[in-house]
> 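Quick one: the structure is below, and I'll ask about it shortly.
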Protein chains: 2
Amino acid sequence: MEDLIKILQSRNIHPSHQRIKILEILEKNEDHMNVNMIYEELLKEIPTISKTTVYNTLSTFAEKGLVHCLTITPEEMRYDYRANPHHHLLCTRCGRIIDVDVQCRYADTMEIDGHCIEEIQGYFKGICRECLSHDKAQKQK
Amino acid sequence: MEDLIKILQSRNIHPSHQRIKILEILEKNEDHMNVNMIYEELLKEIPTISKTTVYNTLSTFAEKGLVHCLTITPEEMRYDYRANPHHHLLCTRCGRIIDVDVQCRYADTMEIDGHCIEEIQGYFKGICRECLSHDKAQKQK
DNA sequence: TATTAGTTTATAATAATTATAACTATGGAA
DNA sequence: TTCCATAGTTATAATTATTATAAACTAATA
């Protein structure tokens, strides 16, 4: 709680009740929630929360560099809360987005073909570990 | 024209007038159009074309592996028509998506952390060559 | 107390995409 | 030729994520 407030303050974000709760949810959940997932979680604690607040808060967080926006799924934006740079796996079976610790060869190159690179976004499509082991378990039956 | 028909036939896609024209537009344009851009181009040649046809056709093309869907821009889907695997640059200045010939170290790894990898999507965010040189020209004035 | 800025909420507007059903063209069978 | 079936196209409506707008609320301060 105190930590969350400090995190917000360090980014010049006024730590309101709603913002603290949203950050808390982002910390607890690892699979890159969309606005609706966050909203549903929030409802359990703040039944009067508005979806607009979720949108506003996340866009403030993104502006201040607290979260990264992932455009991996075509339907909606996903939000990534983790300090170190990393890539993602979009599981085509269960739909989860999972962190993958992989560096790209060009990770620190700031210039390619004359273009100036500011950010690297990479992701894999495939089937996650959990779905694979579930498959195996099914076959053995 | 004949070539376009052959390309469609080789993928088991019946070469209708509309489909040929859409493929033609994809061949001519390099910057990863969205549905609306393609639709606007089509209107010049087929004024009665429907946007639904564009959606249908592109989803057929994607199914048959003729195009790849890019979820780089948050607003809408972009379509990539090019044979060889490559990455992209999203220019934050002009909004174009530009092909970048760069291989990732893990490009042929099919397994990471126990996950099965089927496809790699990578893109960079930055400022493209053209926008950069435009900046320079402005400064010199 | 009154005021102000910042935050949250409710509501409406926008826009990409999908769903549905009607229409059209084509090619084969009778 | 005429009829029919199928695939493809079109028009229209429905869905849904996101943004815009304005009103209501909160907390701090003069």
> Could you list, one pair per line, each protein nitrogen or oxygen that sits under 3.5 Å from a nitrogen or oxygen of nucleotides 21-27 of chain D, together with the distance?
none

> Under a 3.5 Å distance rule, please check whether A:T57 uses its side chain to pair with a backbone N or O of A:R19 as donor and acceptor.
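Not confirmed, A:T57 side chain does not pair with A:R19 backbone.
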> Using a strict threshold of under 4.0 Å (side-chain N to carboxylate O), is an ion pair present between A:R93 and A:D135?
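The answer is yes: the pair qualifies as a salt bridge.
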> Which residues pass the side chain to side chain donor-acceptor pair (under 3.5 Å) test with A:R82, sequence neighbours left out?
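Residues passing side chain to side chain donor-acceptor pair (under 3.5 Å) with A:R82: A:N84, A:D99, A:D101.
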> For the side chain of A:Y55, counting heavy atoms from C-beta on, which of C:dT8, D:dT19, D:dT10 is nearest?
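Among the listed nucleotides, the one closest to the side chain of A:Y55 is D:dT19.
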> Give the rounded distance in Å between these two atoms: CD1 of B:I46 and P of D:dG8.
15 Å
> Could you check if a side-chain atom of B:K21 sits within less than 4.5 angstrom of a side-chain atom of B:E24, using non-hydrogen atoms only?
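Heavy-atom side-chain distance check passes, below 4.5 Å.
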> Nearest whole Å is fine: how far is D:dG8 C1' from B:L58 CG?
15 Å
> Using 4.0 Å as the upper bound for N to carboxylate O, is an ion pair formed by A:E118 and B:K125?
no
> What integer distance in Å separates B:K64:NZ from D:dA7:C1'?
13 Å
> Is B:R129 close to B:L132 at the side-chain level, that is, under 4.5 Å between some pair of heavy atoms?
no
> Is the backbone N or O of A:I49 less than 3.5 Å from a side-chain atom of A:T53, with the two atoms forming a donor-acceptor pair by type?
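Not at all, since once roles are kept as given, no pair shorter than 3.5 Å links the two residues.
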> Let's see if you get this right: which residues in residues 25-39 of chain A place a heavy atom under 4.0 Å from DNA chain C?
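Residues of residues 25-39 of chain A under 4.0 Å from DNA chain C: none.
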> Does DNA chain C take part in any stems of at least 3 consecutive Watson-Crick or G-U pairs (both distances under 3.5 Å), and if so, which ones?
C:1-30 with D:1-30
> Whether the side chain of B:T73 engages the backbone of B:E75 through a donor-acceptor N/O pair (distance < 3.5 Å, no angle test) should be reported.
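Judged by distance alone, no pair lies under 3.5 Å.
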> The criterion is side chain to side chain contact (heavy atoms under 4.5 Å, CB included); which residues satisfy it with B:R11, sequence neighbours excluded?
B:I13, B:K64, B:L66
> State the CE-OH distance between B:M33 and B:Y79, to the nearest 0.5 angstrom.
12.5 Å
> Indicate yes or no: at least one non-hydrogen side-chain atom of A:H87 is less than 4.5 angstrom from one of A:Y123.
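They are not in contact (no side-chain heavy atoms under 4.5 Å apart), so the answer is no.
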> Rounded to the nearest Å, what distance is computed from the CZ atom of residue B:F61 to the P atom of nucleotide D:dG8?
11 Å
> Below 3.5 Å is the cut-off: list the nitrogen or oxygen pairs between protein and nucleotides 3-7 of chain C, distance only.
{"from": "C:dT7", "atom 1": "OP1", "to": "A:R19", "atom 2": "NH1", "distance (Å)": "2.8"}

> Quick one: B:E75 CD to D:dT19 P, roughly how many Å, whole number?
8 Å
> Taking 4.0 Å as the cut-off, does a side-chain nitrogen or oxygen of A:T48 come that near to OP1 or OP2 on C:dT8?
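No, outside the criterion.
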> Rounded to the nearest angstrom, tell me the gap between atom CD1 in B:I22 and atom C1' in D:dT9.
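It is 11 Å, rounded to the nearest whole Å.
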> Mind calculating the distance between NZ (A:K51) and C1' (C:dT11) to the nearest angstrom?
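Computing the A:K51:NZ to C:dT11:C1' distance gives 14 Å.
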> Less than 4.0 Å between a side-chain N and a carboxylate O, is that true for B:R96 and B:E130?
yes
> How many whole angstroms separate atom NZ of B:K21 from atom P of D:dG8?
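Spelled out: NZ on B:K21 to P on D:dG8 is 19 Å.
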> Just compare C:dT17, C:dT9, D:dT18 and give me whichever is closest to any side-chain atom of A:T53.
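Of all the options, the side chain of A:T53 is nearest to C:dT9.
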> Check for a donor-acceptor pair, side chain of B:T71 on one end and backbone N or O of A:I72 on the other, with a separation under 3.5 Å.
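Looks like yes, one N/O pair under 3.5 Å.
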> Check whether any side-chain N or O of A:N34 sits under 3.5 Å from a backbone N or O of A:N36 as a donor-acceptor pair, and report yes or no.
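Side chain of A:N34 to backbone of A:N36: a pair is present.
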